[in-house]
Number of protein chains: 2
Amino acid sequence: MTSTLGFAIMSVLARQARTGYELATAMRRPLGYFWTARHSQIHADLQKLLAAGLVRFEAEHGPGPSGKKVYHLTPDGRAALRDWVTEPPQQRPERDELVLKAYASWLADPAELLALFREQLAGHEARIAEYETHQAAMGDVPAVDHPSFGNHATLWCGLGYERHRAAWCRWMIERLAGEV
Amino acid sequence: MTSTLGFAIMSVLARQARTGYELATAMRRPLGYFWTARHSQIHADLQKLLAAGLVRFEAEHGPGPSGKKVYHLTPDGRAALRDWVTEPPQQRPERDELVLKAYASWLADPAELLALFREQLAGHEARIAEYETHQAAMGDVPAVDHPSFGNHATLWCGLGYERHRAAWCRWMIERLAGEV
DNA sequence: ATATACATGTAAAACGTTACATGATTGG
DNA sequence: CCAATCATGTAACGTTTTACATGTATAT
């Protein structure tokens, strides 16, 4: 069975052939906004995808003890990815440490809590500004069958998320500021 | 080192003494909205917390092969929890399968995608209605040092999250409906 | 020359899920 | 009496992180 990471890798390869190293950097940005993995996990997963016939590689001369391997999707890989996209996602448990802290916030020091949420808010505001710059640079939303539609869709979601979290932080700050 | 699950457990025990079984049901609702664990993991973690002196239990006669154990926080446990609340959360990687699918959505069938996002939207709308009922039942927001402030804060966040996701689904549906 | 980026992999440990295993209490 | 709920725990497996291990190409 292909893991979700396997599909994340194939989602990148569907756009362009890449080495494992390049996949790892894609897992920081832009893919890292919604899926991450370390290079050790990526190399291991690539071997599984290879065994399943979903990817293949061209060995090229390059850095590293064993040259470089440029991976690309096979027709089977592209078909598997295409099918996976429209299947309902398995709902994995939510795990949100800041919300957990909010649940226990009643026993903490309000002044320290206020500092925590102000710090979090600053982070969200910085990311909102960053995402808005990206969005302005990307221009109009293309047709849904264009690769960059995926970039628009994920950026829209990321921006909405950051705005929601910023609003929540402001609500918390308002409540806490009244107590200090 | 206490795991985040350990603090989740202590967040529940800070309100009321509980058995491991009761902690597992709390990990479905209401805690399950932002942190989950199975009973097997909870029992294992309780033994770590016990060894660290952060919780203790009273053995009581009851069901099960070994009676029941009602756990409560020790003063050390309460202090550790209190300190943890105001520490910045360690940013754990985002992993969102639906957003990953959106990233690869350009190569899928628009009609099937439309069905997927309509289904997701229906789920969000149902949860919004459910949370709004909870919120109405809870009444006004109490002082920040009252345990139920934690319930209000987490519910506010959950409601904001569901509304954000619903809005994103509607945006996707609008784009996709134009193509089918 | 030397530091940085590029490049691939393995091993150990932590975290989390699923399945296995047992048995008492309670309500119908 | 029987089923559901309450109750505790262990074992096997898969996923993810951290650390270990190596070595080339390139720009300063």
Side-chain angles (χ1 to χ4, degrees), chain A residues 1-9 12 17-29 31-32 34-52 55 57-71 89-97 100, chain B residues 1-9 12 17-29 31-32 34-52 55-71 90-97 100:
Chain A
M1 265 302 291
T2 307
S3 65
T4 308
L5 174 58
F7 289 110
I9 289 170
V12 177
R18 301 265 191 202
T19 64
Y21 184 89
E22 287 171 328
L23 283 164
T25 60
M27 291 287 164
R28 290 180 175 280
R29 167 178 35 93
L31 216 73
F34 43 91
W35 209 272
T36 56
R38 303 305 174 101
H39 79 271
S40 58
Q41 210 186 341
I42 290 166
H43 284 297
D45 230 88
L46 278 170
Q47 287 172 26
K48 284 186 209 163
L49 293 173
L50 207 54
V55 303
F57 67 85
E58 303 298 322
E60 281 186 23
H61 175 74
S66 32
K68 63 172 166 173
K69 299 174 177 178
V70 181
Y71 288 89
Q90 48 182 89
Q91 72 273 33
R92 49 172 48 231
E94 287 290 330
R95 288 211 176 86
D96 193 319
E97 197 175 324
L100 183 57
Chain B
M1 263 305 288
T2 306
S3 65
T4 308
L5 174 58
F7 289 110
I9 289 170
V12 176
R18 300 264 191 202
T19 64
Y21 184 89
E22 287 171 327
L23 283 165
T25 61
M27 291 286 165
R28 292 181 174 279
R29 168 178 33 91
L31 216 75
F34 43 91
W35 209 272
T36 58
R38 302 306 172 102
H39 78 270
S40 57
Q41 212 185 341
I42 290 165
H43 284 296
D45 230 88
L46 278 170
Q47 286 172 27
K48 283 185 208 163
L49 293 174
L50 207 55
V55 303
R56 270 201 281 275
F57 67 85
E58 303 298 321
E60 280 186 23
H61 176 74
S66 32
K68 65 171 168 176
K69 299 175 178 177
V70 181
Y71 289 88
Q90 49 181 89
Q91 72 273 31
R92 49 171 49 231
E94 287 291 329
R95 288 212 176 84
D96 193 319
E97 197 174 324
L100 184 56

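Computed from a predicted model, the values in this text were never measured in an experiment. Labels below follow one simple rule: chain letters A, B, ... track the order of the sequence lines, proteins then strands, and each chain is numbered from 1.
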Spacing between B/Lys68 atom NZ and C/dT26 atom C1', to the nearest angstrom = 12 Å
Let me know, please, whether B/Tyr71 or A/Lys48 comes out on the 5' side of the other along DNA chain D by nearest nucleotide.
-> B/Tyr71
To the nearest Å, give me how far apart NE2 (A/His61) and P (C/dA7) are.
-> 12 Å
Pick base, sugar-phosphate or nothing for B/Arg95, based on heavy-atom distances below 4.0 Å to the nucleic acid.
-> sugar-phosphate
Which nucleotide sits closest to the side chain of B/Lys69: C/dT10, D/dT8, C/dT17?
-> D/dT8
Considering only side-chain heavy atoms of A/Pro63, which listed nucleotide, C/dC6, D/dT15, C/dT8, is closest?
-> C/dC6
Out of C/dT10, D/dA7, D/dT10, which has the shortest distance to the side chain of B/Gln47?
-> D/dT10
Answer with yes or no whether B/Ser40 presents, from its side chain, a donor or acceptor under 3.5 Å of a partner atom in the base of C/dT18.
-> yes
Of the listed nucleotides D/dT16, C/dT22, C/dT8, the one nearest the side chain of A/Tyr21 | C/dT8
To the nearest angstrom, the NE2-P distance between A/His43 and D/dT15 comes to 18 Å
Nearest to the side chain of B/Gln41, which nucleotide is it out of C/dG16, C/dT8, C/dG23?
-> C/dG16
If you check the B/Arg38 side chain, which of D/dT18, C/dC15, C/dT18 turns out closest?
-> C/dT18
How do A/Gly62 and B/Pro65 order along DNA chain C: which one's closest nucleotide is nearer the 5' end?
-> A/Gly62
Among the nucleotides D/dA7, D/dT15, C/dG9, which one has an atom lying closest to any side-chain atom of A/His39?
-> C/dG9
Just compare C/dT17, D/dT8, D/dG9 and give me whichever is closest to any side-chain atom of A/Pro93.
-> C/dT17
